[in-house]
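Report on the following structure.
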Amino acid sequence: MSTILRESVVNTVDRHHPAEKPIPLLVRILNAITPPGGTVLDPFAGSGTTLIAAVQEGFNAIGIERELEYCEIIRKRMAELQPALPLAK
């Protein structure tokens, strides 16, 4: 078994963030290190690709991002996967 993971790069036209990773790569990594029903924490969420991969694989996901423009991108991308959750009061 090789220790090198190979995946196609994200097309620059489809990229939401300069450091965006391919979802299939993140899926492989998350499945290798996250227990079933586990929670993925991404403290530098960027455009939310790790969060998307986590939700697609049935994990809980928490993302932290300080840049408002990326927070909006995350919101839009996550809304395509699941309905909006109510905000805590």
_Glu65 to Gly46 - nearest heavy-atom pair and separation_ = OE1-N, 2.7 Å
*Which atom names give the shortest non-hydrogen contact between Gly63 and Ala45, and what distance separates them?*
CA-CB, 4.1 Å
*Examine Leu30 and Met78 and state if one hydrophobic cluster contains both, with Ile, Leu, Val, Met, Phe, Trp and Tyr joined whenever side-chain heavy atoms are less than 4.5 Å apart.*
no
*Any link between Ile52 and Val55 through a network of hydrophobic side chains (Ile, Leu, Val, Met, Phe, Trp, Tyr) touching at under 4.5 Å?*
yes
_Listed partners of Glu72 passing salt bridge (Lys or Arg N to Asp or Glu O under 4.0 Å), at least two apart_ = Arg75
How far does [atom1] of [X] sit from [atom2] of [Y], to the nearest 0.5 angstrom?
{"X": "Arg77", "Y": "Leu51", "atom1": "CZ", "atom2": "CG", "result": "9.0 Å"}
{"X": "Leu26", "Y": "Lys21", "atom1": "CG", "atom2": "NZ", "result": "7.5 Å"}
{"X": "Leu68", "Y": "Ile73", "atom1": "CG", "atom2": "CD1", "result": "11.5 Å"}
{"X": "Thr50", "Y": "Leu25", "atom1": "OG1", "atom2": "CG", "result": "9.0 Å"}
{"X": "Asp42", "Y": "Ile74", "atom1": "CG", "atom2": "CD1", "result": "8.0 Å"}

*Considering residues at least two apart in sequence or located in another chain, which fulfil the side-chain hydrogen bond (donor to acceptor under 3.5 Å, both in side chains) criterion with Glu57?*
Asn31
